[in-house]
Amino acid sequence: MKWRKGLRAALGVALCIAGFALAWATPYRETTAIVGAGGCRLVTDVIDQGNDDTRGFVVLFHGLAANKKIMSYLARGFASQNLRVFVPDLPGHGRTAGPFSFGRAESCADAFVRELILRRAIDAKRTMLAGHSMGGAIAIRVAARAGVAGVVAISPAPMRARHGVPPDMLPYTNPPPLPAHTLAMSAAFEPLGIREITRDLVKEEGDATSKYLFVPRATHVSVLYDPRVVRASQEWTAETLQFPVEFNTPSATPLLSGLAGLAGILLLAGPFVREALGVPHEVTGTAKSVAPDAQGGTTGLPAMPVVRVLVEVTSVFFFTVVVLRFWNPLSLVRLYNGGYFASFLLISGSAILLIDRQSARACWPTEVKAALFASVAAVALHLLVTGWFDVTLAEAWLSWARWARFPVMLVAAFAYLLAEEILLGPIAPRGRAARVWLALTLRAIAFVALVFGIFVLHNGAILIILLALYLALFFVFQRLGMDIVRQQTGSPIAAALFGAILLAGFCLVIFPVT
């Protein structure tokens, strides 16, 4: 058993070291500057081959809840053509301070392009505007006014209420005439009718110089790392700027190294949490006992019948989205759709705790030491993972403006996760696997309720759908970590606090600051 633990630790460390070394290897010159324009101060990466004899320029805009670092693969694809690429963080994203709104993102992007032209950092006639999702729509809208050479719009956000997309879900309306030399691409698996709306945009608004490209077997996110998208963008840019087409697909090593290092961290996370919490508590409670255990925990909380749990949470979740239609108590958080999500967690969690108040009271008191150690372990994991992402795949390190929102997000997340721990009961009666599946089922029901609120009640929290894959992956690992804490301490409060710190930090990374 010890040799297996040692092998796991060695593999985790090796993956982290290898990933870190490979992530920094790049053949391009990459510098960062702050560009002030129109009252906006956009933190911008400038990527090129390190010479001044460039063929042209590309201004590349990221999508909603993304940042400039996520666009690195595409940016390096353009840079490989000896183009100088400017990739700004739009307001409220990455390193650029808020506030964010769709209107401000567009106005700052427009001012950014004009400022680069004014400073002669770019030549409009030798410049392509490109973007993904929200950034794709911005590229089209800014290009229609800036007189640039052409556009590459990848899965652009819809600007017309069609194919099931209601008007209140559109980030932009009144789209301008499609600029000349526009290549618009969409993936096979797009949310919100983006594929069909993009196709219609080129068909109805474009002229003979524009083109629509369908990318099979791709998703809204995977197009950012798809060699086919890079090659199509390179070909279109070369034809528009009139230089020979040279396909130089950027290396996927930085992406793979980032994922390898993340895998290494996850391999180390379980043993780290166990060591941080100390000797495991024996889970000996029964479904009938509610007496605190020897460590002050409540492993003996009764395991509720699954049918009752499912009926209860379904009722509470749908009740919550109805309440949110009229009242969003945590809108003060000022995160785009983040306040809505926090309010959902707070209201639904509080309602479940009220319904099961006897079980909730049995959780107190808990051992302060267990809760403290769980908190320290969660903060350490959050800093480790976000720090790794920040130097490899995406800008995830929290600014002070985001940390200021942490207490509110923590309280909201804790309310829900403590309620979830009570509903799941102790580990022993259900078993680990069944407990994890039940927890993920509850969160799937919550997602269905949120989708109902978005499409039926028009609550407008569309970002929750766009981030569904990220949330799902996060929830799996978070839930596994919470179960380790519950097993080690026997405390629902320690487990809920551990999970709440991770969830609050995750929300602060992905939701834009408004």
Side-chain angles (χ1 to χ4, degrees), residues 1-17 19-20 261-285 292-299 363-390 396-398 403 406-407 409-411 413-414 417-418 420-421 424 426-428 432 435-436 439 473-509:
M1 185 63 70
K2 289 185 177 180
W3 71 267
R4 289 183 179 179
K5 292 181 179 179
L7 180 61
R8 176 175 176 173
L11 179 59
V13 171
L15 286 172
C16 290
I17 294 174
F20 184 81
L262 178 61
I265 292 173
L266 294 177
L267 282 174
L268 297 170
F272 166 74
V273 172
R274 290 187 178 93
E275 289 296 323
L277 296 173
V279 180
H281 166 73
E282 285 190 20
V283 183
T284 57
D293 60 48
Q295 297 186 14
T298 50
T299 55
C363 294
W364 305 91
T366 190
E367 186 178 311
V368 175
K369 183 179 178 181
L372 177 61
F373 283 12
S375 301
V376 171
V379 171
L381 278 178
H382 168 78
L383 295 177
L384 186 60
V385 173
T386 55
W388 177 260
F389 268 109
D390 201 75
W397 194 256
L398 298 185
W403 275 117
F406 182 80
M409 297 299 297
L410 176 64
V411 170
F414 179 75
L417 292 174
L418 179 58
E420 184 180 84
E421 281 295 313
L424 296 177
I427 293 177
R432 294 180 188 176
R435 200 169 183 271
V436 169
L473 291 173
F474 168 80
F475 283 149
V476 170
F477 293 108
Q478 180 220 31
R479 184 66 251 173
L480 294 174
M482 289 176 65
D483 278 358
I484 291 175
V485 176
R486 182 69 183 268
Q487 181 184 26
Q488 294 290 115
T489 66
S491 171
I493 292 176
L497 189 57
F498 176 87
I501 290 172
L502 294 180
L503 179 55
F506 182 76
C507 290
L508 292 173
V509 169

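Counting begins at 1 with the first residue of the sequence.
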With the side chain counted from C-beta on, respond yes when [X] and [Y] share a heavy-atom pair under 4.5 Å apart, and no when they do not.
X    : Y    : value
L503 : F414 : no
L277 : V485 : yes
L417 : Q478 : yes
R435 : E421 : yes
H382 : L508 : no

Any chance you could measure [X], atom [atom1], to [Y], atom [atom2], to the nearest 0.5 Å?
X    : Y    : atom1 : atom2 : value
R486 : R432 : CZ    : CZ    : 13.0 Å
W388 : I265 : CH2   : CD1   : 6.0 Å
D390 : T386 : CG    : OG1   : 7.5 Å
D483 : I427 : CG    : CD1   : 5.0 Å

Looking at [X] and [Y], what are the two nearest heavy atoms and their distance?
X    : Y    : value
A504 : F406 : CB-CE1, 3.7 Å
A377 : A276 : CB-CB, 4.1 Å
M409 : C507 : CE-CB, 3.5 Å
L502 : A378 : CD2-O, 3.5 Å

*Which residue, I493, L381, T489, forms the side-chain contact (heavy atoms from CB on, under 4.5 Å) with F498?*
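The residue from I493, L381, T489 that satisfies side-chain contact (heavy atoms from CB on, under 4.5 Å) with F498 turns out to be L381.
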*What do the steps show when you test L11 against L15 for side chain to side chain contact (heavy atoms under 4.5 Å, CB included), and what is the final call?*
CA-CA 6 Å; L11 179 59; L15 286 172; 4.2 Å; yes
*In terms of ring plane angle, is the pair F506 and F474 parallel, tilted or perpendicular, where the classes change at 30° and 60°?*
parallel
